[in-house]
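Just so you know, these numbers use all the heavy atoms, side chains as well, and skip hydrogens, waters and symmetry mates. Letters go in sequence order (proteins before strands), and every chain restarts at 1.
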Number of protein chains: 2
Amino acid sequence: MSQPSKRPTIRDVARAAGVSVATVSRALSGDYPVSTATRARIQRAVRDLDYVVNAHARALSGATSKVVAILMKETVTPFYAHIAAGVEAEAAEHGRLCLVCTTHGDADRELEIIKLMREQHADAVILVGGVVENEEYRERMKRYAIGLADAGSKLVTCARPPLGPDIPAIAVEYDNVGGAYAATSHLLSAGHRRILMLAGPDGFTTSDQRVVGYRNALAAYKIAVDPALISHGDMGRDGGYDRTAAVLDRGVEFTGVFAGNDNTAAGAIAALRDRGRRVPEDVSIIGFDDVPLAGDLNPPLTTVHLPHEELGRTAVKMALQGNGSGRQHVMLGTHIVVRDSVTTATPH
Amino acid sequence: MSQPSKRPTIRDVARAAGVSVATVSRALSGDYPVSTATRARIQRAVRDLDYVVNAHARALSGATSKVVAILMKETVTPFYAHIAAGVEAEAAEHGRLCLVCTTHGDADRELEIIKLMREQHADAVILVGGVVENEEYRERMKRYAIGLADAGSKLVTCARPPLGPDIPAIAVEYDNVGGAYAATSHLLSAGHRRILMLAGPDGFTTSDQRVVGYRNALAAYKIAVDPALISHGDMGRDGGYDRTAAVLDRGVEFTGVFAGNDNTAAGAIAALRDRGRRVPEDVSIIGFDDVPLAGDLNPPLTTVHLPHEELGRTAVKMALQGNGSGRQHVMLGTHIVVRDSVTTATPH
DNA sequence: GTGAAAGCGCTAACAT
DNA sequence: ATGTTAGCGCTTTCAC
């Protein structure tokens, strides 16, 4: 048995203040002219009754819902956590509440949740982090995007590839290819020629872009890509460990590692050590992300810093600024943070 | 100019399917008996029109809001991130959306947001992480708690001290004092007698409890507490560094460190090294939290594992299971994860 | 400056 | 099994 909501409504406030509900609504909404005396009486009634508006009733009768929704792969990894923090902070500055959901990389679940978001009439729906797309996915996404658009919600993709020209959405990206290019070049310019790339699952766009950066950098140095040096798989700490160990055990040699992210790098370092390689003396390594503890790894990790917070904030800003309803696209930059995990390649 | 919501309503579906809105509502809600043929026609209409219910309208007309709200100090620290992940996961399993807000430790802001949550009529409001309380805070919190209760929302405190016997709320805690006691005892039993405690800001309950555990453990070993060995301050990585450095520079000696959390520990280790102390040969250190990268620090950090996810999940479970509306209280346990940062004290 | 009244889209009696 | 109708609590014309 759920207790009947015995909470005061706007009508109770009106009665207590001796005015009409319309006046109460106006006094509370702010801008509209209401006499000071009346306003005072109303505010007093609000306090006495401990009245709070009903957000659903408000949203229903036309006003905006004051909610922005984020949909991400997961929330705990620093990469996602910091983007979410940026979204939340910016949303709060705009007086918005923040709805957070996770997909765990499942495209179906993502679509399912977008449907839920549609029901909520969020002011903005922000999609963070990639999923593996297929045709059916694109179909449904398109339909939902249109649905969102004409329900007045802005759809924005953040830190993932844009949805496509036929889908109404804002895109906020960071320079993934450029970052990977810079990371690889950093290793290259230190004299490394055989560089192991610890990439994400094949077909996972974000990771694929990093591979492109890796290839481009190699190409710029006129070095042929050795497929044996590109490992696809789990990007977690253990994935980094296992895959590095596997490559080593396979007898493949390299003096540099470009890890898909810092966690992967942490695992790779451990695997290297366990196999008797010194880091960075024998093998140099560069990460991607710049997580908070990157500087406390052993050795302190040289890595590519991503503008996580800024991505989140920008996504919200773009969605909320009523400006041009056209499609928009922003690309944020990255930079390398040099620490101690990369050193000059030992000449052989 | 916001586009008029030209979305189909339940009435459009009813018309398209040639039935009444009530039938549509019933067919969509599930349980109520509706003939298979009618249901099929309705579902077809839903697809054709791309209809989605309006969550606000639904919530307004009595049904539950299907939203649980979390209010935390911040979201990026693993401690909070993992609790939030637990909440989100459990909420999702119950078909709930998850509203996330941050207070940044500001009590006023916390109250402000609780007010917003009240407007949302969330099924549950979960408060994670402490704030520094004062009398006015307790007053307002009590009023809000009552408001939440008779609007049908459950209030639950999670990983923070219960609100008090006169406030209707569920409490989910972990054994903070016990964990700190165990951590300190671990150092003590390794022969350490002068143990630096890197605590949080004075008056911050969560940290204060850890200090109690520290004191209790010392007392059990009949060792007097040296105030010079208890440092209060920022619990971040830099706080750990700066405060450890300061104590060292002050000439205070110790062979063990109990860090308030793993980040603090990471900073402390760096400070120790920079001052020429080896870890763990000269100084042993134990952390608190067991963050993901704790095992990749140098040396791998011995620490106290907290049941983060479980705290979040339990909070949601307790709130959502309609059982006894009375106050409830759960205390989850902790355990030490032994790695390499603690070693036997060098006899002098 | 203030009030009356018409919805917003849905669910839940209450009929039939 | 299905239809009718009265709200849920609020904002917003339209009058005065």
Side-chain angles (χ1 to χ4, degrees), chain A residues 1-42 45-46 49-66 118-121 147 150-152, chain B residues 2-42 45-46 49-66 116 118-121 147 150-152:
Chain A
M1 217 134 308
S2 68
Q3 50 277 73
S5 184
K6 54 188 175 195
R7 297 263 83 220
T9 73
I10 196 174
R11 232 176 306 268
D12 298 314
V13 175
R15 196 175 310 126
V19 297
S20 74
V21 294
T23 305
V24 176
S25 174
R26 294 196 271 247
L28 264 32
S29 297
D31 43 358
Y32 202 92
V34 173
S35 89
T36 333
T38 315
R39 163 164 280 126
R41 291 216 314 290
I42 290 173
V46 166
L49 297 171
D50 189 27
Y51 167 81
V52 293
V53 297
N54 180 323
H56 299 301
R58 196 209 280 283
L60 185 54
S61 51
T64 168
S65 75
K66 292 292 182 199
R118 287 227 274 153
E119 300 181 358
Q120 298 291 326
H121 290 234
D150 54 46
Chain B
S2 68
Q3 50 276 78
S5 184
K6 52 186 176 197
R7 298 262 82 221
T9 75
I10 196 173
R11 232 177 305 269
D12 298 315
V13 176
R15 194 175 311 124
V19 296
S20 74
V21 294
T23 305
V24 175
S25 175
R26 295 196 272 248
L28 264 32
S29 297
D31 43 357
Y32 203 92
V34 173
S35 90
T36 335
T38 315
R39 163 163 281 125
R41 292 217 313 290
I42 290 174
V46 165
L49 297 171
D50 190 28
Y51 165 81
V52 292
V53 297
N54 181 323
H56 299 301
R58 195 210 279 283
L60 185 54
S61 53
T64 169
S65 75
K66 292 291 181 199
L116 280 180
R118 288 227 273 153
E119 300 181 357
Q120 298 291 325
H121 289 233
D150 53 48

Which nucleotides of nucleotides 1-8 of chain C have their base under 4.0 Å from a protein heavy atom (B), which only their sugar-phosphate (S), and which neither (-), written as one string 5' to 3'?
SBBB--BB

Closer than 3.5 angstrom, by distance alone: can the side chain of [X] be matched with the main-chain N or O of [Y] as a donor-acceptor pair?
X: T38(A); Y: V34(A); value: no
X: S29(B); Y: S25(B); value: yes
X: R7(B); Y: A151(A); value: no
X: S65(A); Y: H121(A); value: yes
X: S61(B); Y: A57(B); value: yes

Nearest-Å distance, [atom1] ([X]) to [atom2] ([N])?
X: H56(A); N: dC10(D); atom1: NE2; atom2: C1'; answer: 13 Å
X: L28(B); N: dA12(C); atom1: CG; atom2: P; answer: 13 Å
X: I10(B); N: dG3(D); atom1: CD1; atom2: P; answer: 12 Å
X: D12(B); N: dG9(C); atom1: CG; atom2: P; answer: 9 Å
X: H121(B); N: dC10(D); atom1: NE2; atom2: C1'; answer: 11 Å

CZ-OG distance between R15(B) and S20(B), expressed to the nearest 0.5 angstrom
13.0 Å

